Structures are given as C-alpha cells and as structure tokens.
J.: 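Quick one: this structure, given as structure tokens, is what I'll be asking you about.
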Amino acid sequence: MDKSQLISLIKVPFGYGAGRMGSELGPERLLRWGLIEQWKELGYVLDEPSRILLKDQWSDKAVSVPLKNASKVLSICTALASEVKLKRDEGHFPFILGGDHSIAMGSLAGLTADGGSLGVIWMDAHSDLNTEETTPSRNMHGIPLAVGLGRAALRLSHIYDGAADIDPSKTVLIAARELDPGEKELIKELGIHCYTMHEIDKLGIQKVIDEAVDITSSGTDGVHLSFDIDSIDPTEAPGTGTPVQGGLSYRESHFAMELLYEAGIITSCDFVEVNPRLDRNNRTSKLAVDLIGSLFGKRIL
Ligand SMILES: NC(=[NH2+])NCCC[C@H](N)C(=O)O
Ligand SMILES: [Mn+2]
Ligand SMILES: [Mn+2]
C-alpha cells in the first residue's frame with residue numbers, strides 16, 4: 001500500500017456465519033478505538049467508508065447450501081463483492097472490516113472478478129477449508145477458503161458473476177493449529193502451503209512471512225491478506241468466537257504485519273472475527289487497531 005492510493009474502508013457488520021453472534025459489532029468497535037484517525041496520522045487518505053448491510057430480500061442462488069444462515073451469508077457476500085470490485089476498479093485499496101470470516105467469500109469474489117490472478121495469505125488458527133460435506137459445525141465461517149479454491153458446491157461465481165477460483169499454489173496458510181479431518185486431506189490433496197504453529201516455532205515468523213511473500217506475489221497481480229484475529233493467542237486476543245490456544249504471540253503478530261508492510265505486496269485485506277461481546281476490557285479490539293497500524297507502516301521508532 002502506498003500513500004497515494006486511497007483506502008476504501010468497507011464495514012461489514014455481519015455475524016451470521018459464526019456459531020455465536022457478536023462479530024457484527026466489530027466494525028464500530030474498531031472505529032471507536034481510533035482506526036480511521038490512525039490511518040490519517042500515518043498519512044493515508046481515506047475514501048468515504050461504506051457499510052454493507054443485509055437487505056430483507058435474501059439471496060436465492062442457483063446452488064443450495066445446507067449450512068446455517070446460508071442465504072444471509074450469500075446475500076451479504078454478493079453485496080460485498082460488488083462493492084469490493086467497484087473500489088478496486090477505482091484503484092483504491094479495499095479494506096474489509098468484519099464481521100465473521102464467511103464474508104471473505106464476498107471479498108474473494110469481488111477481487112477475482114476482473115480476471116487477474118490473486119495470491120492469498122490466510123492468517124488463521126483454522127484453515128476454513130471445510131465443505132458442506134466435511135463441516136462438523138455447519139457454520140459458514142468454516143468454509144470460505146474451500147469455496148475460494150473451487151472445492152465446495154458453492155463457488156465464487158455463484159456469489160458474483162465473473163468471479164474465478166483462486167489458485168491453491170498461490171495460497172498460504174499461516175498460524176493454523178486446529179484442522180478438521182477433511183481440511184487436512186484437502187491441504188494435502190491441493191498441496192497448499194501451510195505454515196502451522198509448528199513451522200512458525202521451527203523457522204521463526206520472519207522466514208515464514210518471507211516465504212509466504214514469495215509464494216503469493218510471484219506471478220500474481222495482487223495479494224489479498226485475510227486476517228482472522230484468532231490467529232493470535234487467546235491470552236492476547238480473547239474476544240473471538242473460536243479461540244484456540246497456542247497461537248501467535250503479541251510480537252510475532254506485530255512483526256508479521258510489519259514485514260508484510262515492508263514487502264509492499266498486499267493489495268487488499270479482510271480483518272475479521274473480532275467479537276466485542278466476548279472481549280475483555282477491549283483488549284482484542286485495541287490489539288486489532290494496533291495490528292492494522294503495523295500493517296500500514298506504523299513503526300516503534
Ligand atoms: N473463521 C473461523 N473462525 N472459522 C472457525 C471454523 C471452525 C471449524 N473448523 C468449523 O468448520 O466450524
Ligand atoms: Mn477464519
Ligand atoms: Mn479462525
């Protein structure tokens with residue numbers, strides 16, 4: 001992200017894709033902790049923020065998805081995809097603030113609709129690679145990456161006309177530590193680069209990010225960062241619906257963001273799964289704002 005590019009903040013106060021409600025309160029809470037002021041202090045110019053809301057008229061797509069709240073998720077994702085596409089066509093940096101992680105299907109659909117090839121960095125305790133067949137929870141926030149890769153009955157092209165599957169060889173998972181059986185199989189079958197916490201312990205976060213940057217930026221037209229706050233350890237980020245112990249430390253998560261800023265490859269971002277209802281003293285919301293600062297070039301000195 002360079003400072004001549006406008007940031008388009010797209011707020012998506014939507015939590016129906018998660019097992020517990022509350023992430024729909026994320027966008028307003030992060031704004032309350034100074035997200036916009038921070039961007040301005042860093043020298044960025046913001047477009048008028050937009051907000052994607054659920055309409056009464058829910059989507060009735062040609063595909064049946066037997067998961068919880070599927071029609072609401074499809075509807076919000078289609079609306080989000082068209083907003084993301086619009087902002088991207090204007091040359092802006094789409095920053096999608098959720099909400100639960102199901103909305104990433106809308107981001108990916110909008111970002112791939114121009115036919116370019118997209119690298120994806122998915123930072124998450126989970127891989128979100130379940131399908132309607134493998135999901136143990138039937139929650140839609142467990143499937144968005146499988147949908148993005150064209151591995152579920154629901155495809156990005158059902159969400160938005162012209163959207164295309166993303167390439168598994170240009171997709172990287174970081175911070176995974178809770179994978180369901182079907183997800184493990186899919187990772188192996190597709191050969192997805194998966195840096196679990198084991199690889200992070202072994203190689204260090206710097207090497208992991210360096211490799212992720214190479215994999216996702218070579219031969220692509222852009223790199224989308226899909227950041228699930230549950231990638232961070234719950235001691236630092238307790239306010240999220242599906243916390244898993246053994247996650248990224250405070251400094252690892254900041255360092256990862258700082259390195260991504262230095263690499264200069266990120267062209268769009270989702271920031272999801274902050275659940276203010278489950279938070280303690282706003283710790284998670286404040287951390288989220290700080291991490292976004294690091295991603296956009298905030299330095300200690
Ligand atoms: N975006 C998330 N936090 N996803 C959690 C998914 C958890 C579990 N794998 C499921 O399918 O339900
Ligand atoms: Mn996720
Ligand atoms: Mn997760």
Side-chain angles (χ1 to χ4, degrees), residues 12-26 65-70 72-73 76-77 80 96-108 120-149 151-154 166 171-187 192 194-197 200 224-248 252-253 256 269-279 284 287-288 291:
V12 191
F14 179 87
Y16 287 107
R20 320 192 232 185
M21 292 304 283
S23 63
E24 69 281 1
L25 305 171
V65 184
L67 305 187
K68 296 179 202 162
N69 300 317
K72 287 181 186 152
V73 172
I76 205 88
C77 284
L80 173 58
I96 301 106
L97 185 57
D100 72 72
H101 216 163
S102 68
I103 64 168
M105 295 185 282
S107 308
L108 292 174
V120 175
I121 299 179
W122 198 273
M123 289 185 74
D124 199 324
H126 312 91
S127 63
D128 297 344
L129 280 171
N130 275 306
T131 67
E132 62 288 342
E133 280 171 8
T134 65
T135 173
S137 64
R138 295 180 54 251
N139 293 327
M140 292 288 281
H141 72 165
I143 69 163
L145 190 53
V147 172
L149 292 165
R151 287 296 158 148
L154 173 64
I166 56 174
T171 302
V172 176
L173 297 166
I174 297 176
R177 56 193 182 278
E178 188 175 77
L179 303 171
D180 297 319
E183 298 184 300
K184 292 183 191 174
E185 272 175 40
L186 201 51
I187 290 169
I192 298 172
C194 180
Y195 296 94
T196 71
M197 290 310 299
I200 295 172
H224 179 65
L225 171 66
S226 202
F227 189 91
D228 184 327
I229 198 78
D230 70 27
S231 54
I232 302 164
D233 194 84
T235 53
E236 299 296 342
T240 192
T242 48
V244 188
Q245 63 182 12
L248 298 176
E252 279 173 330
S253 60
C269 178
D270 303 313
F271 215 93
V272 298
E273 295 284 347
V274 172
N275 186 327
R277 266 198 209 160
L278 303 171
D279 209 358
T284 313
L287 173 60
L291 285 170

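Quantities reported herein were computed from a predicted structural model and do not represent experimental measurements. Note that these values count all heavy atoms, side chains included, but never hydrogens, waters or copies made by symmetry. Just so you know, ligand 1 is whichever comes first in the structure, and atom 1 is the first atom listed for that ligand.
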J.: If the cut-off is 4.0 Å to any non-hydrogen atom of His101, which atoms of ligand 1 fall inside it?
T.: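 Listed by number with element: 1 (N).
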J.: Taking N or O atoms only and a 3.5 Å limit, does Asp124 qualify as a polar contact for ligand 1?
T.: no
J.: Run the numbers for me: atoms of ligand 1, each under 4.0 Å from some heavy atom of Gly142, listed by number.
T.: 6 (C), 11 (O)
J.: Could you find the nearest protein heavy atom to atom 7 (C) of ligand 1 and give me its residue, atom name and distance?
T.: His126 CD2, 3.8 Å
J.: What is the OD2(Asp228)-the Mn ion (ligand 3)-OD1(Asp230) angle, to the nearest 10 degrees?
T.: 90°
J.: Taking distance alone, with N or O pairs closer than 3.5 Å, would you say Asn139 contacts ligand 1?
T.: no
J.: Under a 3.5 Å distance rule, please check whether Lys72 uses its side chain to pair with a backbone N or O of Gly15 as donor and acceptor.
T.: no
J.: Go through the side-chain N and O atoms of His101 and Asp124 and say whether any donor and acceptor fall under 3.5 Å apart.
T.: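 Looking only at side-chain atoms, Asp124 and His101 do form a donor-acceptor pair, the distance falling under 3.5 Å.
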J.: What residue and heavy atom of the protein are closest to atom 8 (C) of ligand 1, and at what distance?
T.: Asp180 OD2, 3.5 Å
J.: Looking at His101, which of its N, O or S atoms is the nearest one to the Mn ion (ligand 2)?
T.: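 In His101, the N, O or S atom with the shortest distance to the Mn ion (ligand 2) is ND1.
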J.: Quick one: does Tyr16's side chain get under 4.5 Å of Ser102's, heavy atoms only?
T.: no
J.: Judged on heavy-atom distance to atom 10 (C) of ligand 1, which of Ser226, Gly182, Pro243, Ser137 sits nearest?
T.: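 Shortest heavy-atom distance from atom 10 (C) of ligand 1: Ser137.
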J.: Counting N and O atoms only, with roles assigned by atom type, does the side chain of Ser127 sit under 3.5 Å from a partner on the main chain of Leu179, one being a donor and the other an acceptor?
T.: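 It does not hold such a pair.
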J.: Please list the nearest protein heavy atom to atom 3 (N) of ligand 1 with its residue and the distance rounded to 0.1 Å.
T.: Thr242 OG1, 2.9 Å
J.: Between Val12 and Val272, is any pair of side-chain heavy atoms under 4.5 Å apart?
T.: no
J.: Hey, is the Mn ion (ligand 3) within less than 2.8 Å of some N/O/S atom on Glu273?
T.: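 Not a single backbone or side-chain N, O or S atom of Glu273 is under 2.8 Å from the Mn ion (ligand 3).
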J.: Provide, to 0.1 Å, the distance between atom 4 (N) of ligand 1 and the closest protein heavy atom, together with that atom's residue and name.
T.: Asp128 OD1, 3.0 Å
J.: Distance check, rounded to the nearest 0.5 Å: Leu67 atom CG versus Asn130 atom CG?
T.: 9.5 Å
J.: Looking only at atom types and distance, does a side-chain atom of Arg177 sit under 3.5 Å from a main-chain N or O of Val244, one as donor and one as acceptor?
T.: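 Checking the backbone N and O of Val244 against the side chain of Arg177, a donor-acceptor pair under 3.5 Å is found.
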J.: Please lay out, stage by stage, how Ile229 and Phe271 fare under the test side chain to side chain contact (heavy atoms under 4.5 Å, CB included).
T.: CA-CA 7 Å; Ile229 198 78; Phe271 215 93; 4.0 Å; yes
J.: Report, in ascending order of atom number, the atoms of ligand 1 lying under 4.0 Å from any heavy atom of Asp228.
T.: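 Atoms satisfying the 4.0 Å criterion: 1 (N), 2 (C), 3 (N).
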J.: Tell me which part of Leu179 gets within contact of ligand 1: side chain, backbone, both or neither, using heavy atoms under 4.0 Å.
T.: neither
J.: Is there a side-chain contact between Glu178 and Thr242, using heavy atoms and a 4.5 Å cut-off?
T.: no
J.: Any N/O/S atom from Asp128 (main chain or side chain) under 2.8 Å of the Mn ion (ligand 3)?
T.: no
J.: Answer yes or no as to whether an N/O/S atom of His126 is found below 2.8 Å from the Mn ion (ligand 2).
T.: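 No, His126 does not qualify, because none of its backbone or side-chain N, O or S atoms lies under 2.8 Å.
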J.: Counting only heavy atoms closer than 4.0 Å, does ligand 1 sit against the backbone of Glu178, its side chain, both, or neither?
T.: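 The answer is neither.
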J.: With the side chain counted from C-beta on, respond yes when Leu248 and Met197 share a heavy-atom pair under 4.5 Å apart, and no when they do not.
T.: yes
J.: Within less than 2.8 Å of the Mn ion (ligand 2), any N, O or S from Asp124?
T.: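 Yes.
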J.: Only one of Asp128, Asp270, Thr171 forms a side chain to side chain donor-acceptor pair (under 3.5 Å) with Ser226, so which one is it?
T.: Asp270
J.: Considering heavy atoms of the protein only, find what lies nearest to atom 11 (O) of ligand 1 and give residue, atom and distance to 0.1 Å.
T.: Asn130 ND2, 2.9 Å
J.: Shortest non-hydrogen contact from Ile96 to Ser107?
T.: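 Smallest heavy-atom distance, with atoms named: CD1-OG, 3.6 Å.
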J.: What part of His141, side chain from CB on, backbone N/CA/C/O, both or neither, has a heavy atom under 4.0 Å from ligand 1?
T.: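 Both backbone and side chain of His141 come within 4.0 Å of ligand 1.
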J.: Rounded to the nearest 0.5 Å, what's the gap from CZ on Phe227 to CD on Glu273? Could you check?
T.: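 Phe227 CZ to Glu273 CD: 12.0 Å, rounded to 0.5 Å.
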J.: Below 4.0 Å, non-hydrogen atoms only: which portion of Asp230 touches ligand 1? Side chain, backbone, both or neither.
T.: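 The answer is the side chain.
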